[in-house]
There are 2 protein chains.
Amino acid sequence: MSDSDSPPHADYSETERAIFDAALEVFARKGKDGARMQAIADAAGINKAMLHYYFRSKDQLYDEVFGFTMRRFMASFGASLQEAPTFEETLRAFIEGYVDFIRDNEHTMRLMVNENLAGGSVLGDHLRRLKESGAAPPRILAEQIEQAVDQGEIRPVDPDHTVLSVISACLFFFVARPTVEMMHPASDDWASFVEARKEHLFDLMYRGLSPREG
Amino acid sequence: MSDSDSPPHADYSETERAIFDAALEVFARKGKDGARMQAIADAAGINKAMLHYYFRSKDQLYDEVFGFTMRRFMASFGASLQEAPTFEETLRAFIEGYVDFIRDNEHTMRLMVNENLAGGSVLGDHLRRLKESGAAPPRILAEQIEQAVDQGEIRPVDPDHTVLSVISACLFFFVARPTVEMMHPASDDWASFVEARKEHLFDLMYRGLSPREG
DNA sequence: GTCTATATCTCGATAGAC
DNA sequence: GTCTATCGAGATATAGAC
């Protein structure tokens with residue numbers, strides 16, 4: 001249900017796992033520099049000395065947590081996309097799957113956003129390492145869009161801009177969740193707000209890509 | 001051109017203004033807890049003692065910077081919207097104006113996002129105070145959408161969800177700018193990428209709202 | 001592996017000379 | 001108003017008993 005599912009390291013012990021989850025949560029909310037080792041220890045239900053025993057330093061803890069989280073985040077992208085007979089179904093399934101992933105992994109998303117706000121230097125390091133090891137970033141949705149354009153199911157659009165727009169729409173309302181909940185009290189039931197949003201987003205996006213004349 | 005334009009306080013001295021701008025930049029990237037007073041002093045070209053002389057404490061500095069920045073951010077919303085004969089023109093002008101504002105005020109946007117990631121408690125305080133003083137949050141774009149629906153220019157949509165979608169699309173690619181620039185090297189010229197994005201966004205959104213049959 | 005105690009350093013904040 | 005020097009709290013990290 002939450003960020004702690006599908007362990008990043010199969011060989012993590014229970015304690016390491018508790019530390020990892022706690023660190024993800026605190027780093028996600030406060031950023032690397034704003035996070036306190038004491039807060040992580042408290043959230044993990046252990047004491048500070050254990051953090052250093054298992055992960056040596058704050059830098060190393062952040063690096064490890066960020067690396068795993070980034071890979072999980074990128075993998076979710078591919079996992080949300082299942083090819084279907086029509087692009088309409090493909091897009092609907094992607095929005096459904098991707099929004100579900102973010103809903104169940106808000107801390108993962110927050111950590112990614114926080115790293116971007118801070119400038120993305122750690123992100124850059126990891127991305128470079130990933131590329132060197134041959135793991136290309138997934139352009140799988142963009143390819144589906146190109147196909148759909150070729151087959152005339154949607155109008156000619158720039159695939160990369162379109163992917164970015166879909167991602168933005170699926171993600172941002174989670175980023176701004178506190179604001180959304182304050183401005184839009186009707187969303188006091190967040191779960192049903194998220195479901196309504198999926199519908200709205202699919203309609204807006206699919207119609208926006210439709211080839212019908214304008 | 002940048003976040004430092006249109007002074008938040010007409011009665012700020014030059015030094016106060018330099019501190020304000022420096023604090024905005026550092027808080028925006030690192031968050032309240034991650035920011036260092038020394039880093040703010042360096043960016044402002046003064047020493048730490050001056051920070052406390054003018055703003056007493058870090059808490060108070062953050063509170064003041066956040067308050068002004070939030071009001072500017074909310075005001076930009078109304079300022080980007082100019083009523084036009086058709087909703088098509090209104091939407092085009094809004095996207096143009098709002099994206100321009102974010103492009104020229106990236107730190108402002110980052111501070112808002114950072115506060116949301118951290119939970120939004122300071123944001124909540126300020127919003128509550130604003131409401132008590134009678135300044136309602138601007139629902140001005142939502143009203144334009146309602147009108148356009150009534151007049152049949154666009155299909156029946158939920159105005160609040162639609163506003164949220166437009167905002168997301170205009171904002172998020174700035175939030176994720178480091179990732180976008182790494183993943184999409186074609187955007188090495190950020191300025192022209194932003195311009196292309198405005199076009200793409202207007203097309204996608206306006207067509208997505210079109211009443212034509214599906 | 002786990003905890004307490006502590007070393008070491010950094011940060012926010014102030015005192016006081018100019 | 002501006003700077004240097006410094007205090008004291010709080011942070012990361014380690015030592016060492018169990």
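Letters A, B, ... mirror the listed sequences (proteins, then strands); counts begin at 1.
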For residues 36-43 of chain A, tabulate all N or O donor-acceptor pairs below 3.5 Å that involve a side-chain atom, not counting sequence neighbours.
residue: A/R36; atom: NH1; partner: A/D33; partner atom: O; Å: 3.2
residue: A/Q38; atom: NE2; partner: A/D42; partner atom: OD1; Å: 2.9

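- For A/S192, the side chain to side chain contact (heavy atoms under 4.5 Å, CB included) test picks out A/D189, with sequence neighbours left out.
- In terms of the side-chain hydrogen bond (donor to acceptor under 3.5 Å, both in side chains) criterion, residue partners of A/E106 (sequence neighbours excluded) are, by chain and number, A/R110, A/R177.
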Quick one: side chains of residues 159-170 of chain A, donor-acceptor pairs under 3.5 Å with protein atoms, not counting sequence neighbours, listed by atom name and distance.
residue: A/D160; atom: OD1; partner: A/R139; partner atom: NH1; Å: 2.7
residue: A/D160; atom: OD2; partner: A/R139; partner atom: NH1; Å: 3.4
residue: A/H161; atom: ND1; partner: B/R197; partner atom: NH1; Å: 2.9
residue: A/T162; atom: OG1; partner: A/D158; partner atom: O; Å: 2.7
residue: A/S165; atom: OG; partner: A/H161; partner atom: O; Å: 3.0
residue: A/S165; atom: OG; partner: B/R197; partner atom: NH2; Å: 2.9
residue: A/S165; atom: OG; partner: B/H200; partner atom: NE2; Å: 2.8
residue: A/S168; atom: OG; partner: A/L164; partner atom: O; Å: 2.6

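- Applying the side chain to side chain contact (heavy atoms under 4.5 Å, CB included) criterion to A/F73, with sequence neighbours excluded, gives A/Y98, A/F101, A/I102, A/T108, A/M112, A/L171.
- B/E96 meets the side chain to side chain contact (heavy atoms under 4.5 Å, CB included) test with B/D100, B/K198; sequence neighbours excluded.
- Bracketed by its first and final contacts, the part of DNA chain C lying under 4.0 Å from non-hydrogen atoms of chain A reaches from C/dG1 to C/dT4 in 5' to 3' order.
- Under the side chain to side chain contact (heavy atoms under 4.5 Å, CB included) criterion, A/Q147 pairs with A/Q144, A/Q151, not counting sequence neighbours.
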So which protein nitrogen or oxygen atoms get under 3.5 Å of nucleotides 12-14 of chain D's nitrogens or oxygens?
residue: D/dT12; atom: OP1; partner: A/M37; partner atom: N; Å: 3.0
residue: D/dT12; atom: OP2; partner: A/M37; partner atom: N; Å: 3.2
residue: D/dA13; atom: OP2; partner: A/H52; partner atom: NE2; Å: 3.2
residue: D/dA13; atom: OP2; partner: A/K58; partner atom: N; Å: 2.8

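- Pairs passing the salt bridge (Lys or Arg N to Asp or Glu O under 4.0 Å) check and including a residue from residues 61-71 of chain A, sequence neighbours excluded, do not occur.
- Side chains of B/S57 and B/Q60: a donor-acceptor N/O pair is absent below 3.5 angstrom, by distance only.
- Residue-level contact check: A/Y54 touches the backbone only, with heavy atoms under 4.0 Å from sugar-phosphate atoms and none from bases.
- Annotation: side-chain hydrogen bond (donor to acceptor under 3.5 Å, both in side chains) contacts of A/E83 (sequence neighbours excluded): none.
- Axis angle across the helix from C/dG1-D/dC18 to C/dC18-D/dG1, with five pairs used at each end and values rounded to 10°: 10°.
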